[in-house]
Amino acid sequence: MTNNIEKVISLLSSSYSCFHNITNIQNELLKNNFIEIKEFENFKLEQGKNYFVKRNDSSLIAFKIPSEIEDISFLITASHSDSPSYKIKPNPVIKRLNLNLLNVEPYGGMIISTWLDRPLSFAGRVIVKSKGKLETKLVNVNRDLMVIPNLCIHMNREVNSGYNFNQANDVLPIISSSENFDFTKFLKEQLCLDNDDVIVSFDLFLYCRDLPKLCGENSEFLLSPKEDDLTSAYSSLLGFLQAKNQNQISVFTCFDNEEVGSLTRQGANSTFLKDILSRIVLAFKTNKDDYQKAIAKSILLSIDNAHANHPNHLDVSDQTTSVCLNKGIVIKYNANQSYTSDSLSSSIVKYICDKTNLKYQEFTNKNNLKGGSTLGNISNSEVSLLSCDIGLPQLAMHSINEMCGVNDIDDMVNLAKEFYSTHINLCGDRVYFD
């Protein structure tokens, strides 16, 4: 197992919520001498230095400024920090019989059955009123805390025949049998708050307590929660950190809320990317056309995991598509532009793969099965970039545990590293590589 794979597994092991995931990325950036800047402050950028900025503590953009800047353009990757889950509602305690349950609502589209009979806990952020100010605190209850039990087959004979789960009733987790269970008090204890501190609000999500693990005859597969999209996010981050480019500004982005449409102030459909890119240009250029010129010469890789062909369900894959685990990164296409890859942008990715002897595969949906959209076309609503959609092949997408190939993680690290290291000179319909 390579250092890259070990690092991705280590990061996955502490990926409790979107807020923790961004904290993981922030910590890696700080170790590599990146400087945090705040959106509400002036951007005082220097050539030869590296920076990052967060929004909502659940999205992040990092960038490297070359030591000499002449003509500005950007090399950008986009991934996302969120995964399907259940979010805890305000005033969540439901008392039934001698048990305390939590009222939760679905976030994103999960495979519901996989959340049952699993050790669960919750994590996220809490807003605390303390000494006249509001503070944000991360919380993770780091133990097996809850379970959503199945109804036994004797009372649900249809469970193996396509049971239709009721999200309002079937997926409420059991947390306690204490007669006087108080969720707010429990939360204060987890945060070690003072008696005078007041919990004002929270964004808390359930997560599976299963740790990432290797499986297969030769440990060639990785089974883990939240592989979509954290395996792509963390592997592209490692490639970003390892790369060097003195010609273009390298930009790593990780957005929240992709699983629910991205139309939030920290999502890919927000102004976050446009705001940061324009402020970078403004820090070094004064001509009003410089930003538009920079965007016209830039390229985005939208990196979100891809569907591998399922060996037990080959009929759901397109008849000329063969995407396999451990056979390389996937370039994704869709005629209706759910994916942004076209002949020009995909040729750039293929050029980089060929240059470094990396394998690649190509994916299209079966015509009668509609696939999901991802970050490329969503972010293009605010920043019009040449874009290609790629990802790691995986099985069981949106299950509580997902499966990918370990070799593909290494390939994504190396692809991102080579992408960020290559001077890609985009001139309209022509591309030059230096």
Side-chain angles (χ1 to χ4, degrees), residues 78-80 83-84 108-114 160-162 164 215-218 220-224 227-229 231-232 235 258-259 300-354 356-378 380 386-412 415:
S79 51
H80 64 87
S83 302
M110 70 289 291
I111 301 177
I112 300 171
S113 62
T114 63
N160 293 323
S161 303
N164 185 21
C215 59
E217 179 191 2
N218 301 303
E220 66 266 47
F221 307 120
L222 175 63
L223 187 68
S224 173
E227 287 187 3
D228 173 26
D229 182 36
T231 46
S232 283
S235 56
E258 190 275 344
E259 298 294 356
L300 168 72
L301 296 188
S302 168
I303 307 182
D304 198 356
N305 282 9
H307 300 292
N309 289 44
H310 197 299
N312 297 337
H313 301 277
L314 294 176
D315 57 306
V316 301
S317 296
D318 191 46
Q319 57 188 334
T320 59
T321 291
S322 179
V323 175
C324 301
L325 303 183
N326 288 317
K327 292 294 184 180
I329 64 103
V330 181
I331 303 172
K332 301 186 283 186
Y333 303 90
N334 180 259
N336 294 316
Q337 291 299 289
S338 291
Y339 307 128
T340 56
S341 310
D342 60 18
S343 58
L344 180 59
S345 63
S346 62
S347 294
I348 294 173
V349 174
K350 292 177 182 180
Y351 175 92
I352 293 171
C353 288
D354 292 341
T356 50
N357 295 316
L358 290 172
K359 297 172 292 188
Y360 63 83
Q361 309 174 79
E362 297 180 284
F363 171 84
T364 58
N365 288 300
K366 193 172 182 179
N367 288 353
N368 60 345
L369 292 175
K370 184 179 179 180
S373 61
T374 183
L375 299 153
N377 60 349
I378 293 172
N380 261 323
L386 179 67
S387 176
C388 186
D389 274 277
I390 65 172
L392 290 170
Q394 73 165 90
L395 294 171
M397 188 177 289
H398 288 201
S399 173
I400 202 168
N401 273 311
E402 300 168 315
M403 182 177 179
C404 71
V406 294
N407 293 339
D408 297 322
I409 294 174
D410 253 339
D411 284 349
M412 184 61 78
L415 174 67

Report the distance from atom [atom1] of [X] to atom [atom2] of [Y], rounding to the nearest 0.5 Å.
{"X": "Glu402", "Y": "Ser83", "atom1": "CD", "atom2": "OG", "answer": "7.0 Å"}
{"X": "Ser235", "Y": "Asp410", "atom1": "OG", "atom2": "CG", "answer": "9.5 Å"}
{"X": "Asn407", "Y": "Leu325", "atom1": "CG", "atom2": "CG", "answer": "10.5 Å"}
{"X": "Asn401", "Y": "Ser224", "atom1": "CG", "atom2": "OG", "answer": "6.5 Å"}
{"X": "Asn365", "Y": "Lys332", "atom1": "CG", "atom2": "NZ", "answer": "9.5 Å"}
{"X": "Ile329", "Y": "Leu415", "atom1": "CD1", "atom2": "CG", "answer": "5.0 Å"}

Below 4.5 Å, heavy atoms only, C-beta onward: do Asp228 and His80 meet side chain to side chain? yes

Could you walk me through whether Tyr360 and Asp354 pass side chain to side chain contact (heavy atoms under 4.5 Å, CB included), step by step? CA-CA 9 Å; Tyr360 63 83; Asp354 292 341; 3.8 Å; yes

Going by the angle between their ring planes, with limits at 30° and 60°, are Tyr339 and Phe363 parallel, tilted or perpendicular? perpendicular

Specify the closest pair of heavy atoms between [X] and [Y], including all atoms of both residues, with the distance to one decimal.
{"X": "Asn380", "Y": "Ser387", "value": "ND2-CB, 3.9 Å"}
{"X": "Pro393", "Y": "Asp408", "value": "CG-OD2, 3.3 Å"}
{"X": "Gly328", "Y": "Gln361", "value": "O-NE2, 2.8 Å"}
{"X": "Gly376", "Y": "Leu300", "value": "CA-CD2, 4.2 Å"}
{"X": "Ile303", "Y": "Leu375", "value": "O-CD1, 4.4 Å"}
{"X": "Thr231", "Y": "Glu227", "value": "OG1-O, 2.7 Å"}

Applying salt bridge (charged side-chain N to carboxylate O under 4.0 Å, His left out), name anything that partners Glu362, two or more places apart in sequence or on another chain. Lys350

Is the backbone of [Y] close enough, under 3.5 Å, to the side chain of [X] for a donor and an acceptor to pair up by distance?
{"X": "Ser347", "Y": "Ser343", "answer": "yes"}
{"X": "Asn326", "Y": "Val406", "answer": "yes"}
{"X": "Asp342", "Y": "Leu344", "answer": "yes"}
{"X": "Thr340", "Y": "Leu386", "answer": "no"}

Check step by step if side chain to side chain contact (heavy atoms under 4.5 Å, CB included) holds for Leu395 and His310. CA-CA 7 Å; Leu395 294 171; His310 197 299; 4.2 Å; yes

Indicate whether the side chain of Gln394 and that of Asn305 have a donor and an acceptor atom separated by less than 3.5 Å. yes

Is it the case that the side chains of Ser302 and Asp389 hold a donor-acceptor pair, with the cut-off being a distance below 3.5 Å and no angle test? yes

Can you tell me if CG on Asn367 sees more than 12 non-hydrogen neighbours from other groups inside 6.0 Å? no

So, using side-chain hydrogen bond (donor to acceptor under 3.5 Å, both in side chains) as the criterion, who are the partners of Glu259 when residues are at least two apart? His398

For Asp229, check side-chain hydrogen bond (donor to acceptor under 3.5 Å, both in side chains) against everything at least two apart and list the hits. Ser232

Evaluation steps, side chain to side chain contact (heavy atoms under 4.5 Å, CB included), between Asn309 and Thr321: CA-CA 8 Å; Asn309 289 44; Thr321 291; 4.0 Å; yes

